[in-house]
Number of protein chains: 2
Amino acid sequence: MSAARNTRSPLPEGGEAQSDLLDWEAGMIDVFVRAASLIGVPKSIGQIYGLLFCSEEPLPMDEIMDKLLISKGSASQGLKTLRGIGAVKPVYLIGDRRDHYTCEDKLRRLVGGFISDQVNPHLTSGSDRLDVIEAAIKRDNPENAKHALGRLKLLRSWHSKTKLFLPAVQKFL
Amino acid sequence: MSAARNTRSPLPEGGEAQSDLLDWEAGMIDVFVRAASLIGVPKSIGQIYGLLFCSEEPLPMDEIMDKLLISKGSASQGLKTLRGIGAVKPVYLIGDRRDHYTCEDKLRRLVGGFISDQVNPHLTSGSDRLDVIEAAIKRDNPENAKHALGRLKLLRSWHSKTKLFLPAVQKFL
DNA sequence: CACGTTGTTCAAAAAAGCTTGAACAAAATG
DNA sequence: CATTTTGTTCAAGCTTTTTTGAACAACGTG
(Lines give C-alpha, C1' and ligand atoms only; values in the text may rest on other atoms or scores of the structure.)
Protein backbone atom coordinates (compact mmCIF):
# COMPACT_ATOMS: atom_id res chain seq x y z
CA MET A 1 0.00 0.00 0.00
CA SER A 2 1.26 3.45 -0.93
CA ALA A 3 2.59 5.88 1.63
CA ALA A 4 0.14 8.57 2.71
CA ARG A 5 0.22 11.43 5.16
CA ASN A 6 -3.50 11.77 5.53
CA THR A 7 -4.80 14.61 3.47
CA ARG A 8 -6.92 16.91 5.55
CA SER A 9 -9.52 19.50 4.68
CA PRO A 10 -8.51 23.17 4.42
CA LEU A 11 -8.45 25.40 7.45
CA PRO A 12 -4.91 26.19 8.56
CA GLU A 13 -5.01 26.85 12.26
CA GLY A 14 -3.45 29.17 14.75
CA GLY A 15 -4.04 28.78 18.43
CA GLU A 16 -6.76 26.63 19.88
CA ALA A 17 -9.50 25.50 17.56
CA GLN A 18 -8.49 22.98 14.95
CA SER A 19 -10.60 21.33 12.39
CA ASP A 20 -8.44 18.30 11.83
CA LEU A 21 -10.97 16.40 9.80
CA LEU A 22 -9.74 13.81 7.36
CA ASP A 23 -10.96 14.10 3.82
CA TRP A 24 -13.24 11.12 4.11
CA GLU A 25 -14.76 12.59 7.26
CA ALA A 26 -15.29 15.95 5.64
CA GLY A 27 -16.92 14.18 2.70
CA MET A 28 -19.29 12.23 4.87
CA ILE A 29 -20.19 15.23 6.93
CA ASP A 30 -20.95 17.03 3.73
CA VAL A 31 -23.33 14.26 2.73
CA PHE A 32 -25.16 14.63 6.00
CA VAL A 33 -25.29 18.39 5.75
CA ARG A 34 -26.95 18.09 2.37
CA ALA A 35 -29.37 15.44 3.55
CA ALA A 36 -30.23 17.64 6.49
CA SER A 37 -30.96 20.69 4.42
CA LEU A 38 -33.13 18.54 2.18
CA ILE A 39 -35.42 17.89 5.11
CA GLY A 40 -35.13 21.41 6.45
CA VAL A 41 -32.66 20.79 9.23
CA PRO A 42 -29.94 23.36 9.93
CA LYS A 43 -26.44 22.82 8.72
CA SER A 44 -24.82 22.64 12.12
CA ILE A 45 -27.09 19.79 13.10
CA GLY A 46 -26.19 17.84 10.00
CA GLN A 47 -22.54 18.48 10.74
CA ILE A 48 -22.76 17.24 14.29
CA TYR A 49 -24.61 14.12 13.30
CA GLY A 50 -22.14 13.50 10.50
CA LEU A 51 -19.15 13.89 12.76
CA LEU A 52 -20.58 11.43 15.27
CA PHE A 53 -21.40 9.07 12.44
CA CYS A 54 -17.75 9.07 11.42
CA SER A 55 -16.32 8.80 14.88
CA GLU A 56 -15.43 5.44 16.29
CA GLU A 57 -15.72 6.79 19.83
CA PRO A 58 -18.36 8.85 21.59
CA LEU A 59 -17.43 12.53 21.52
CA PRO A 60 -17.89 15.28 24.11
CA MET A 61 -19.26 18.67 23.19
CA ASP A 62 -15.96 20.51 23.20
CA GLU A 63 -14.41 18.14 20.73
CA ILE A 64 -17.39 18.64 18.50
CA MET A 65 -16.91 22.38 18.69
CA ASP A 66 -13.22 22.10 17.93
CA LYS A 67 -13.52 19.73 15.01
CA LEU A 68 -16.42 21.50 13.35
CA LEU A 69 -15.33 25.01 14.31
CA ILE A 70 -18.74 25.93 15.62
CA SER A 71 -19.65 27.88 18.70
CA LYS A 72 -20.63 26.52 22.05
CA GLY A 73 -24.15 27.79 21.51
CA SER A 74 -24.57 25.96 18.24
CA ALA A 75 -23.12 22.78 19.61
CA SER A 76 -25.29 22.81 22.69
CA GLN A 77 -28.41 23.71 20.77
CA GLY A 78 -27.68 21.21 18.04
CA LEU A 79 -27.10 18.37 20.47
CA LYS A 80 -30.29 19.26 22.24
CA THR A 81 -32.27 18.97 19.03
CA LEU A 82 -30.55 15.74 18.07
CA ARG A 83 -31.25 14.27 21.47
CA GLY A 84 -34.84 15.37 21.09
CA ILE A 85 -35.40 13.34 17.97
CA GLY A 86 -33.31 10.47 19.29
CA ALA A 87 -30.61 10.87 16.66
CA VAL A 88 -27.83 10.94 19.22
CA LYS A 89 -27.52 9.19 22.54
CA PRO A 90 -25.58 10.38 25.57
CA VAL A 91 -22.91 8.02 26.82
CA TYR A 92 -21.46 8.42 30.28
CA LEU A 93 -17.80 7.57 30.58
CA ILE A 94 -16.29 6.97 33.97
CA GLY A 95 -13.56 9.36 34.94
CA ASP A 96 -14.81 12.09 32.62
CA ARG A 97 -17.32 14.65 33.77
CA ARG A 98 -18.30 15.58 30.26
CA ASP A 99 -21.27 14.01 28.51
CA HIS A 100 -20.24 12.09 25.43
CA TYR A 101 -22.43 11.34 22.45
CA THR A 102 -22.81 8.61 19.87
CA CYS A 103 -25.12 8.69 16.92
CA GLU A 104 -28.14 6.48 16.52
CA ASP A 105 -27.28 4.45 13.46
CA LYS A 106 -30.44 2.44 12.90
CA LEU A 107 -32.16 4.09 9.97
CA ARG A 108 -35.55 3.03 11.19
CA ARG A 109 -35.13 4.74 14.53
CA LEU A 110 -33.68 7.86 13.01
CA VAL A 111 -36.61 8.24 10.69
CA GLY A 112 -39.06 7.31 13.39
CA GLY A 113 -37.71 9.90 15.76
CA PHE A 114 -37.79 12.57 13.14
CA ILE A 115 -41.32 11.80 12.14
CA SER A 116 -42.76 11.66 15.59
CA ASP A 117 -40.98 14.83 16.61
CA GLN A 118 -41.30 17.00 13.52
CA VAL A 119 -44.17 15.63 11.51
CA ASN A 120 -46.75 14.08 13.78
CA PRO A 121 -47.44 17.22 15.80
CA HIS A 122 -48.36 19.01 12.58
CA LEU A 123 -50.58 16.16 11.48
CA THR A 124 -52.41 16.27 14.76
CA SER A 125 -53.03 19.98 14.78
CA GLY A 126 -53.96 19.77 11.12
CA SER A 127 -56.91 17.62 12.02
CA ASP A 128 -58.29 20.32 14.27
CA ARG A 129 -57.83 22.90 11.57
CA LEU A 130 -59.93 20.88 9.19
CA ASP A 131 -62.73 20.86 11.73
CA VAL A 132 -62.53 24.61 11.99
CA ILE A 133 -62.75 24.87 8.22
CA GLU A 134 -65.81 22.67 8.16
CA ALA A 135 -67.45 24.88 10.73
CA ALA A 136 -66.64 27.96 8.66
CA ILE A 137 -68.22 26.47 5.57
CA LYS A 138 -71.38 25.52 7.41
CA ARG A 139 -71.59 28.88 9.14
CA ASP A 140 -71.09 30.98 6.05
CA ASN A 141 -72.82 28.62 3.73
CA PRO A 142 -71.32 30.14 0.58
CA GLU A 143 -73.07 29.51 -2.70
CA ASN A 144 -70.39 26.98 -3.61
CA ALA A 145 -70.71 25.14 -0.30
CA LYS A 146 -71.01 21.85 -2.11
CA HIS A 147 -67.69 22.36 -3.81
CA ALA A 148 -66.07 23.54 -0.59
CA LEU A 149 -67.21 20.46 1.28
CA GLY A 150 -65.90 18.30 -1.52
CA ARG A 151 -62.49 19.88 -1.21
CA LEU A 152 -62.54 19.45 2.52
CA LYS A 153 -63.36 15.81 2.07
CA LEU A 154 -60.45 15.36 -0.30
CA LEU A 155 -58.10 17.05 2.11
CA ARG A 156 -59.34 14.82 4.91
CA SER A 157 -58.58 11.78 2.78
CA TRP A 158 -55.04 13.02 2.20
CA HIS A 159 -54.72 13.55 5.90
CA SER A 160 -55.71 10.03 6.79
CA LYS A 161 -53.61 8.49 4.05
CA THR A 162 -50.63 10.29 5.47
CA LYS A 163 -51.42 9.11 8.97
CA LEU A 164 -51.52 5.54 7.72
CA PHE A 165 -48.46 6.04 5.65
CA LEU A 166 -45.99 7.25 8.23
CA PRO A 167 -46.08 4.14 10.40
CA ALA A 168 -45.71 2.08 7.23
CA VAL A 169 -42.50 3.95 6.47
CA GLN A 170 -41.05 2.53 9.65
CA LYS A 171 -41.60 -1.03 8.58
CA PHE A 172 -40.18 -0.49 5.19
CA LEU A 173 -36.87 1.08 6.14
CA MET B 1 -80.70 27.27 6.20
CA SER B 2 -79.64 30.24 8.26
CA ALA B 3 -78.92 33.63 6.76
CA ALA B 4 -75.24 34.49 6.44
CA ARG B 5 -73.27 37.31 4.92
CA ASN B 6 -70.07 35.36 4.42
CA THR B 7 -67.48 36.28 7.00
CA ARG B 8 -64.22 37.18 5.33
CA SER B 9 -60.66 37.25 6.57
CA PRO B 10 -59.17 40.56 7.76
CA LEU B 11 -57.55 42.96 5.38
CA PRO B 12 -59.68 46.02 4.82
CA GLU B 13 -58.97 47.30 1.38
CA GLY B 14 -58.60 50.59 -0.37
CA GLY B 15 -58.20 50.88 -4.08
CA GLU B 16 -57.24 47.97 -6.25
CA ALA B 17 -55.97 44.90 -4.49
CA GLN B 18 -58.52 43.01 -2.48
CA SER B 19 -58.06 39.86 -0.53
CA ASP B 20 -61.67 38.77 -0.53
CA LEU B 21 -61.02 35.32 0.75
CA LEU B 22 -63.77 33.55 2.62
CA ASP B 23 -62.90 32.17 6.02
CA TRP B 24 -62.92 28.62 4.83
CA GLU B 25 -60.59 29.51 1.99
CA ALA B 26 -58.21 31.33 4.28
CA GLY B 27 -58.26 28.31 6.57
CA MET B 28 -57.45 25.89 3.79
CA ILE B 29 -54.73 28.09 2.41
CA ASP B 30 -53.25 28.21 5.86
CA VAL B 31 -53.18 24.42 5.97
CA PHE B 32 -51.26 24.35 2.72
CA VAL B 33 -48.85 27.03 3.81
CA ARG B 34 -48.01 24.98 6.88
CA ALA B 35 -47.65 21.79 4.91
CA ALA B 36 -45.40 23.61 2.48
CA SER B 37 -43.11 24.96 5.15
CA LEU B 38 -42.90 21.46 6.63
CA ILE B 39 -41.27 20.28 3.42
CA GLY B 40 -39.24 23.44 2.97
CA VAL B 41 -41.33 25.15 0.34
CA PRO B 42 -41.84 28.93 0.49
CA LYS B 43 -45.01 30.37 1.86
CA SER B 44 -46.15 32.02 -1.34
CA ILE B 45 -46.05 28.72 -3.15
CA GLY B 46 -48.20 27.08 -0.51
CA GLN B 47 -50.60 29.98 -0.74
CA ILE B 48 -50.94 29.75 -4.49
CA TYR B 49 -51.49 26.04 -4.42
CA GLY B 50 -54.01 26.42 -1.62
CA LEU B 51 -55.93 29.08 -3.46
CA LEU B 52 -56.17 26.97 -6.59
CA PHE B 53 -57.18 24.01 -4.46
CA CYS B 54 -60.11 26.01 -3.12
CA SER B 55 -61.15 27.50 -6.41
CA GLU B 56 -63.83 25.87 -8.47
CA GLU B 57 -62.52 27.53 -11.63
CA PRO B 58 -59.04 27.88 -13.10
CA LEU B 59 -57.51 31.20 -12.10
CA PRO B 60 -55.26 33.61 -14.01
CA MET B 61 -52.17 35.11 -12.46
CA ASP B 62 -53.63 38.51 -11.76
CA GLU B 63 -56.48 37.09 -9.75
CA ILE B 64 -53.99 35.11 -7.75
CA MET B 65 -52.04 38.27 -7.04
CA ASP B 66 -55.16 40.14 -6.01
CA LYS B 67 -56.59 37.47 -3.77
CA LEU B 68 -53.35 36.64 -2.02
CA LEU B 69 -51.98 40.18 -2.03
CA ILE B 70 -48.64 39.08 -3.40
CA SER B 71 -46.47 40.73 -5.99
CA LYS B 72 -46.36 39.92 -9.65
CA GLY B 73 -42.85 38.58 -9.22
CA SER B 74 -43.86 36.16 -6.49
CA ALA B 75 -46.87 34.98 -8.41
CA SER B 76 -44.94 34.40 -11.60
CA GLN B 77 -42.06 32.72 -9.82
CA GLY B 78 -44.36 30.62 -7.67
CA LEU B 79 -46.40 29.40 -10.62
CA LYS B 80 -43.22 28.54 -12.44
CA THR B 81 -42.08 26.34 -9.57
CA LEU B 82 -45.48 24.74 -9.22
CA ARG B 83 -45.58 24.00 -12.93
CA GLY B 84 -42.12 22.53 -12.63
CA ILE B 85 -43.17 19.91 -10.13
CA GLY B 86 -46.48 19.37 -11.85
CA ALA B 87 -48.54 20.69 -8.98
CA VAL B 88 -50.50 23.06 -11.20
CA LYS B 89 -51.59 22.71 -14.77
CA PRO B 90 -52.16 25.52 -17.26
CA VAL B 91 -55.62 25.68 -18.76
CA TYR B 92 -56.28 27.67 -21.89
CA LEU B 93 -59.64 29.35 -22.00
CA ILE B 94 -60.96 30.60 -25.30
CA GLY B 95 -61.60 34.30 -25.40
CA ASP B 96 -59.09 35.08 -22.69
CA ARG B 97 -55.46 35.73 -23.48
CA ARG B 98 -54.35 35.03 -19.95
CA ASP B 99 -53.10 31.62 -18.88
CA HIS B 100 -55.29 30.08 -16.24
CA TYR B 101 -54.24 27.46 -13.73
CA THR B 102 -55.81 24.56 -11.88
CA CYS B 103 -54.17 22.48 -9.20
CA GLU B 104 -53.20 18.88 -9.62
CA ASP B 105 -55.35 17.16 -7.04
CA LYS B 106 -54.16 13.57 -7.24
CA LEU B 107 -52.01 13.07 -4.20
CA ARG B 108 -49.93 10.45 -5.92
CA ARG B 109 -48.96 12.79 -8.72
CA LEU B 110 -48.27 15.66 -6.41
CA VAL B 111 -45.91 13.60 -4.32
CA GLY B 112 -44.35 12.02 -7.37
CA GLY B 113 -43.63 15.36 -8.93
CA PHE B 114 -42.11 16.69 -5.78
CA ILE B 115 -39.90 13.67 -5.29
CA SER B 116 -38.58 13.49 -8.80
CA ASP B 117 -37.92 17.21 -8.88
CA GLN B 118 -36.57 17.90 -5.41
CA VAL B 119 -35.36 14.60 -4.02
CA ASN B 120 -34.10 12.37 -6.80
CA PRO B 121 -31.43 14.75 -8.06
CA HIS B 122 -29.88 14.77 -4.59
CA LEU B 123 -30.00 11.01 -4.37
CA THR B 124 -28.23 10.70 -7.67
CA SER B 125 -25.43 13.09 -6.86
CA GLY B 126 -25.16 11.49 -3.43
CA SER B 127 -24.08 8.26 -5.03
CA ASP B 128 -21.12 9.95 -6.67
CA ARG B 129 -20.14 11.56 -3.41
CA LEU B 130 -19.95 8.18 -1.74
CA ASP B 131 -17.54 7.02 -4.40
CA VAL B 132 -15.37 10.03 -3.75
CA ILE B 133 -15.38 9.21 -0.05
CA GLU B 134 -14.35 5.66 -0.73
CA ALA B 135 -11.46 6.89 -2.82
CA ALA B 136 -10.38 9.22 -0.03
CA ILE B 137 -10.35 6.41 2.49
CA LYS B 138 -8.28 4.18 0.25
CA ARG B 139 -5.91 6.96 -0.65
CA ASP B 140 -5.29 8.16 2.89
CA ASN B 141 -5.59 4.74 4.45
CA PRO B 142 -6.10 6.10 7.96
CA GLU B 143 -5.42 3.77 10.86
CA ASN B 144 -9.17 3.32 11.35
CA ALA B 145 -9.77 2.53 7.67
CA LYS B 146 -11.72 -0.56 8.64
CA HIS B 147 -14.16 1.49 10.63
CA ALA B 148 -14.40 4.12 7.92
CA LEU B 149 -15.23 1.52 5.29
CA GLY B 150 -17.86 0.08 7.61
CA ARG B 151 -19.52 3.44 7.91
CA LEU B 152 -19.41 3.95 4.20
CA LYS B 153 -21.05 0.60 3.70
CA LEU B 154 -23.81 1.52 6.11
CA LEU B 155 -24.38 4.80 4.35
CA ARG B 156 -24.56 3.01 1.03
CA SER B 157 -27.20 0.71 2.40
CA TRP B 158 -29.25 3.71 3.53
CA HIS B 159 -28.86 5.16 0.11
CA SER B 160 -30.17 2.12 -1.68
CA LYS B 161 -33.01 1.64 0.77
CA THR B 162 -34.10 5.16 0.07
CA LYS B 163 -33.91 4.61 -3.66
CA LEU B 164 -36.16 1.60 -3.30
CA PHE B 165 -38.41 3.39 -0.93
CA LEU B 166 -39.36 6.43 -2.93
CA PRO B 167 -41.06 4.58 -5.78
CA ALA B 168 -42.90 2.53 -3.18
CA VAL B 169 -44.29 5.73 -1.73
CA GLN B 170 -46.02 6.34 -5.01
CA LYS B 171 -47.91 3.07 -4.87
CA PHE B 172 -48.95 3.56 -1.33
CA LEU B 173 -50.47 7.01 -1.60
C1' DC C 1 -46.33 48.62 -36.79
C1' DA C 2 -47.78 51.31 -32.56
C1' DC C 3 -50.27 49.87 -28.62
C1' DG C 4 -52.10 47.47 -24.76
C1' DT C 5 -51.93 43.19 -22.36
C1' DT C 6 -49.58 39.32 -20.28
C1' DG C 7 -45.78 37.29 -18.29
C1' DT C 8 -40.61 36.85 -16.99
C1' DT C 9 -36.35 38.33 -14.88
C1' DC C 10 -33.38 40.16 -11.59
C1' DA C 11 -31.27 43.56 -8.39
C1' DA C 12 -32.38 45.42 -4.16
C1' DA C 13 -35.20 45.35 0.14
C1' DA C 14 -37.38 42.66 3.62
C1' DA C 15 -38.04 38.69 6.27
C1' DA C 16 -36.71 34.47 8.21
C1' DG C 17 -33.56 31.56 10.24
C1' DC C 18 -28.99 30.32 12.03
C1' DT C 19 -24.92 31.26 14.68
C1' DT C 20 -22.31 33.50 18.01
C1' DG C 21 -20.66 34.79 22.48
C1' DA C 22 -21.29 36.34 26.87
C1' DA C 23 -23.93 35.85 30.99
C1' DC C 24 -25.82 32.54 33.85
C1' DA C 25 -26.91 27.95 36.18
C1' DA C 26 -25.51 23.50 37.97
C1' DA C 27 -22.52 20.46 39.82
C1' DA C 28 -18.16 18.48 41.19
C1' DT C 29 -13.68 19.41 43.44
C1' DG C 30 -10.58 20.52 46.94
C1' DC D 1 -17.75 27.53 50.34
C1' DA D 2 -14.70 29.46 46.68
C1' DT D 3 -13.29 27.71 42.35
C1' DT D 4 -13.25 25.24 38.18
C1' DT D 5 -15.51 22.63 34.74
C1' DT D 6 -19.47 21.67 31.95
C1' DG D 7 -23.53 22.96 29.76
C1' DT D 8 -27.72 26.08 28.70
C1' DT D 9 -29.99 30.25 27.25
C1' DC D 10 -30.89 34.17 24.61
C1' DA D 11 -30.24 38.83 22.54
C1' DA D 12 -27.71 40.67 18.82
C1' DG D 13 -25.45 40.02 14.49
C1' DC D 14 -25.00 37.64 10.31
C1' DT D 15 -26.36 34.76 6.40
C1' DT D 16 -29.50 32.93 3.52
C1' DT D 17 -33.84 32.90 1.40
C1' DT D 18 -37.95 35.13 -0.17
C1' DT D 19 -40.47 38.96 -1.87
C1' DT D 20 -40.98 43.09 -4.28
C1' DG D 21 -41.21 46.21 -8.15
C1' DA D 22 -39.55 48.05 -12.17
C1' DA D 23 -37.53 47.09 -16.57
C1' DC D 24 -38.00 44.30 -20.33
C1' DA D 25 -39.53 40.62 -23.68
C1' DA D 26 -43.33 38.42 -26.22
C1' DC D 27 -47.41 38.48 -28.39
C1' DG D 28 -51.75 39.56 -30.20
C1' DT D 29 -54.79 43.34 -31.95
C1' DG D 30 -56.51 46.86 -34.53
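In what follows, chains carry the letters A, B, and so on, assigned in the order in which the sequence lines appear, proteins first and then strands, with residues in each chain numbered from 1.
- Here Ser71(B) does not reach the OP1 or OP2 of dT19(D): none of its side-chain N or O atoms lies under 4.0 Å away.
- Remark: Ser74(A) is in phosphate contact with dT20(C), judged by side-chain N or O atoms under 4.0 Å from OP1 or OP2.
- Contact annotation for Lys72(B): base contact, defined as any heavy-atom pair under 4.0 Å involving a base atom.
- Rounded to whole angstrom, the span from the CG atom of Leu79(A) across to the C1' atom of dT19(C) amounts to 15 Å.
- Checked by atom type, the side-chain pair Ser160(A)/Arg156(A) shows no donor-acceptor distance below 3.5 Å.
- The separation between Leu82(A) atom CG and dG7(D) atom P is 15 Å, rounded to whole Å.
- Residue Arg109(A) qualifies as open at atom CZ: its count of foreign heavy atoms under 6.0 Å is 12 or below.
- Distance Arg83(B) CZ to dG7(C) P: 10 Å, rounded to the nearest Å.
- Rounded to an integer number of Å, the gap from CG of Leu69(A) to C1' of dT19(C) is 13 Å.
- Using a 4.0 Å cut-off between charged side-chain N and carboxylate O, Asp20(A) and Lys67(A) make no salt bridge.
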Going through the checks in order, is the salt bridge (charged side-chain N to carboxylate O under 4.0 Å, His left out) test met by Lys72(A) and Asp62(A)? CA-CA 8 Å; Lys72(A) 208 198 243 208; Asp62(A) 44 359; over 6 Å; no
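- Taking atom CE on Met65(B) and atom C1' on dG21(D), their separation rounds to 10 Å, with Å as the unit.
- Rounded to a whole Å, the CD1 atom of Ile48(B) is 13 Å from the P atom of dG7(C).
- Among the heavy atoms of the strands lying under 4.0 Å from Ile70(B) are primed sugar atoms or P, OP1, OP2 only; no base atom is included.
- Across all strands, Asp62(A) comes closer than 4.0 Å to no nucleic acid atom at all (heavy-atom distances).
- Counting only heavy atoms from C-beta on, Ser76(B) has its side chain closest to dT9(C) among dT4(D), dT8(D), dT9(C).
- Contact between the side-chain N/O atoms of Lys80(A) and the OP1/OP2 oxygens of dT9(D) is found at a separation under 4.0 Å.
- Residue Arg98(A) is classed as a sugar-phosphate contact, given heavy-atom separations below 4.0 Å to backbone atoms only.
- By the neighbour-count criterion of 12 heavy atoms within 6.0 Å, atom NZ of Lys89(A) is densely surrounded, having more than that number from other residues, nucleotides or ligands.
- When distances run from any side-chain atom of Arg97(B) to the nucleotides dG28(D), dT4(D), dT19(D), the shortest one goes to dG28(D).
- In this structure, Ile64(A) places its CD1 atom 10 Å from P of dG7(D), rounding to the nearest Å.
- With rounding to whole Å, Gln77(A) atom CD is found 17 Å from dT6(D) atom C1'.
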